[in-house]
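Numbered from 1 within each chain, the chains take letters A, B, ... in sequence-line order.
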2 protein chains.
Amino acid sequence: MEPAPAPQAPARLNTTPSWLLGQAATHAHRLVAEALGTVGVRGYHYRLLAALAEIGPTSQADLGRSCGIDRSDVVAALNDLADRGLVERSPDPGDRRRNVITLTVAGRRDLRRMEDALDRAQDTLLAPLSRADRDQLIRLLSTLVAER
Amino acid sequence: MEPAPAPQAPARLNTTPSWLLGQAATHAHRLVAEALGTVGVRGYHYRLLAALAEIGPTSQADLGRSCGIDRSDVVAALNDLADRGLVERSPDPGDRRRNVITLTVAGRRDLRRMEDALDRAQDTLLAPLSRADRDQLIRLLSTLVAER
DNA sequence: CCTGATACGTTGGCGTGGCCAACGTTGGTA
DNA sequence: TACCAACGTTGGCCACGCCAACGTATCAGG
């Protein structure tokens with residue numbers, strides 16, 4: 001009657017970088033989802049709002065490109081955001097194929113709330129690491145991502 | 001006519017640890033999926049085979065627990081593996097609620113092929129990092145995961 | 001012995017994130 | 001004018017993770 005026979009994954013995995021990366025990312029994702037959940041929003045929504053705040057009113061296509069979300073997924077997420085009044089869709093007078101997406105005041109307000117919650121999530125995530133270790137981690141991950 | 005207006009995500013994200021973690025994990029997952037794909041298998045399948053090779057014949061429940069896969073997902077993945085003859089399901093004579101899962105010879109062979117492919121994927125993933133940096137990364141990620 | 005809690009395998013479903021194909025519309029260009 | 005490209009939109013697929021429910025089987029307590 002072993003108390004806890006197998007705590008986690010096969011030993012092979014626990015030293016495999018891609019596995020550790022996945023586990024850490026899952027953990028981080030959980031914290032982030034929880035944080036965004038307090039504002040009633042998902043990852044796509046936040047990303048779009050953040051991009052919008054950064055680059056100003058844009059077409060859906062540019063918006064999607066600027067944050068790595070597929071055109072079709074942008075549509076759905078923007079529907080949610082527009083329904084909640086965080087964003088406004090208006091036809092581009094200069095190019096009738098496009099919609100111009102604008103961040104509303106409410107959108108800017110909620111974005112702030114999201115970022116506050118996210119900052120707290122980052123702190124929770126990085127809590128077990130020293131300041132120097134955090135910088136190291138960011139450096140290493142950036143290197144990996146750059147090589148993508 | 002800017003050549004490439006926005007290369008990637010909102011600036012806010014590119015320094016956010018959880019975002020970098022996710023990006024790196026996605027990249028790693030892509031490499032891993034590609035590697036496992038050469039053996040015609042997905043993540044769940046590999047994990048189960050690896051766990052099975054490590055702890056020997058076990059019930060589905062224990063198997064799932066040992067590699068963090070939900071019971072219901074274990075069923076489906078084992079169906080695939082059994083259909084391909086990589087694994088054998090037999091009723092446990094000592095406890096008729098259980099199935100004993102056994103790794104077949106073919107299963108052990110394919111597992112080897114998966115691990116070879118995975119080793120290559122890890123090398124590709126870590127290519128941009130020095131030996132010391134790789135160790136650092138593993139250490140930092142392990143710390144994060146341990147705090148989960 | 002019986003009863004109730006618990007574990008098992010299984011089915012079916014939901015949500016997130018990522019991707020692709022196709023369509024009709026509009027723009028730009030040869 | 002014809003053609004191709006980009007746009008927004010619909011609809012679909014996959015991987016992974018998680019949960020609820022069911023019928024069966026086991027086991028511990030009364």
Side-chain angles (χ1 to χ4, degrees), chain A residues 1 5 9 13 18-19 21-23 25-37 40-48 58-65 67-82 87 89-101 148, chain B residues 1 5 9 13 18-19 21-23 25-37 40-48 58-65 67-82 87 89-101 148:
Chain A
M1 66 277 300
L13 289 182
S18 67
W19 174 256
L21 220 35
Q23 290 294 105
T26 298
H27 179 212
H29 185 271
R30 197 132 40 198
L31 294 173
V32 165
E34 195 180 340
L36 293 180
V41 120
R42 289 175 297 118
Y44 278 6
H45 300 128
Y46 167 68
R47 282 200 247 167
L48 289 170
T58 335
S59 72
Q60 298 184 190
D62 280 350
L63 205 47
R65 255 173 311 239
C67 52
I69 301 182
D70 189 88
R71 310 206 307 266
S72 60
D73 299 320
V74 170
V75 174
L78 285 184
N79 285 343
D80 299 340
L81 294 174
V87 122
R89 241 196 207 106
S90 49
D92 185 337
D95 184 342
R96 298 206 318 249
R97 292 173 302 179
R98 300 187 171 182
N99 291 334
V100 176
I101 309 299
R148 168 205 37 175
Chain B
M1 66 244 336
L13 288 183
S18 67
W19 174 257
L21 220 35
Q23 290 295 105
T26 298
H27 179 213
H29 185 271
R30 198 134 39 200
L31 294 174
V32 165
E34 195 180 339
L36 293 180
V41 120
R42 289 175 297 118
Y44 278 7
H45 300 127
Y46 166 69
R47 282 201 246 164
L48 288 171
T58 334
S59 73
Q60 298 184 192
D62 281 350
L63 206 48
R65 246 168 268 142
C67 52
I69 302 182
D70 190 87
R71 310 206 309 264
S72 59
D73 299 319
V74 170
V75 174
L78 285 184
N79 285 343
D80 299 340
L81 294 174
V87 122
R89 243 197 206 104
S90 49
D92 185 337
D95 185 340
R96 298 204 318 247
R97 291 173 302 178
R98 300 186 170 181
N99 291 333
V100 176
I101 309 300
R148 170 202 33 173

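Closest to the side chain of A:Asp73, from the set C:dG18, C:dG17, D:dC7, is C:dG18. Of the listed nucleotides (C:dG9, C:dT10, D:dT9), C:dG9 has the atom at the smallest distance from the side chain of B:Ser59. For A:Arg47, whose side chain is taken as the heavy atoms from C-beta onward, the closest listed nucleotide among C:dT10, D:dT10, C:dG18 is C:dG18.
In the interface, the side chain of A:Ser72 is paired with the base of D:dG11 through a donor and an acceptor atom under 3.5 Å apart. With hydrogens and angles ignored, no donor-acceptor pair under 3.5 angstrom links the side chain of B:Asp70 to the base of D:dC16.
A:Tyr44 contributes atom OH, which lies 13.5 Å from atom CG of A:Leu81 (distance to the nearest 0.5 angstrom). For the atom pair CG of B:Leu31 and OG1 of B:Thr26, the computed distance is 11.0 Å after rounding to the nearest 0.5 Å. The CG atom of B:Asn99 sits 8.5 Å away from the CG atom of B:Asp92 when rounded to the nearest 0.5 Å. For the atom pair CZ of B:Arg71 and OG of B:Ser59, the computed distance is 11.0 Å after rounding to the nearest 0.5 Å.
Nucleic acid contact class of A:Thr26 (heavy atoms, under 4.0 Å, all strands): none.
Close to C:dG17, at under 4.0 Å from its OP1 or OP2, lies a side-chain N or O of A:Arg42. Side-chain N/O atoms of B:Arg71 include none lying less than 4.0 angstrom from OP1 or OP2 on D:dC19. At C:dG15, none of the side-chain N or O atoms of A:Arg30 fall inside 4.0 Å of OP1 or OP2 (strictly under the cut-off). The shortest distance between the side-chain N/O atoms of A:Gln60 and the OP1/OP2 oxygens of D:dA6 is not below 4.0 Å. An OP1 or OP2 oxygen of C:dT16 is reached within less than 4.0 angstrom by no side-chain nitrogen or oxygen of A:His29.
Put simply, CD1 on A:Ile69 is 15 Å from P on D:dT9, counting in whole angstrom units. In this structure, the CG atom of A:Leu36 is 15 Å from the C1' atom of C:dG15, given to the nearest Å. Nucleotide C:dG15 holds its C1' atom 16 Å from the CD atom of A:Glu34, rounded to whole Å. Distance B:Trp19 CH2 to C:dT16 C1': 14 Å, rounded to the nearest Å. Note: CG (A:Asp80) to C1' (C:dT16) measures 13 Å, nearest angstrom. For A:Leu48 and D:dG8, the CG to C1' distance is 14 Å, given to the nearest whole Å. Distance CG (A:Leu63) to P (D:dG8): 9 Å, rounded to an integer number of Å. One can place OH of A:Tyr44 at 16 Å from P of C:dG15, the figure rounded to the nearest angstrom.
Looking at B:Arg47, its side chain does come within 3.5 Å of a backbone N or O of B:Cys67 through a donor-acceptor pair.
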*asked:* For a side-chain contact (heavy atoms from CB on, under 4.5 Å) check, start with the C-alpha distance between A:Thr58 and A:Arg98, then their side-chain angles and the critical distance, and finish with the verdict.
replied: CA-CA 9 Å; A:Thr58 335; A:Arg98 300 187 171 182; over 6 Å; no
*Check the pair A:Asn79 / A:Arg89 against side-chain contact (heavy atoms from CB on, under 4.5 Å), numbers first and verdict last.*
CA-CA 9 Å; A:Asn79 285 343; A:Arg89 241 196 207 106; 3.0 Å; yes
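Side-chain contact between A:Leu36 and A:His45 is absent, with no heavy-atom pair separated by less than 4.5 Å.
Looking at residues 91-99 of chain A, you'll see A:Asp95, A:Arg96, A:Arg97 sit with a heavy atom under 4.0 Å from some atom of DNA chain C.
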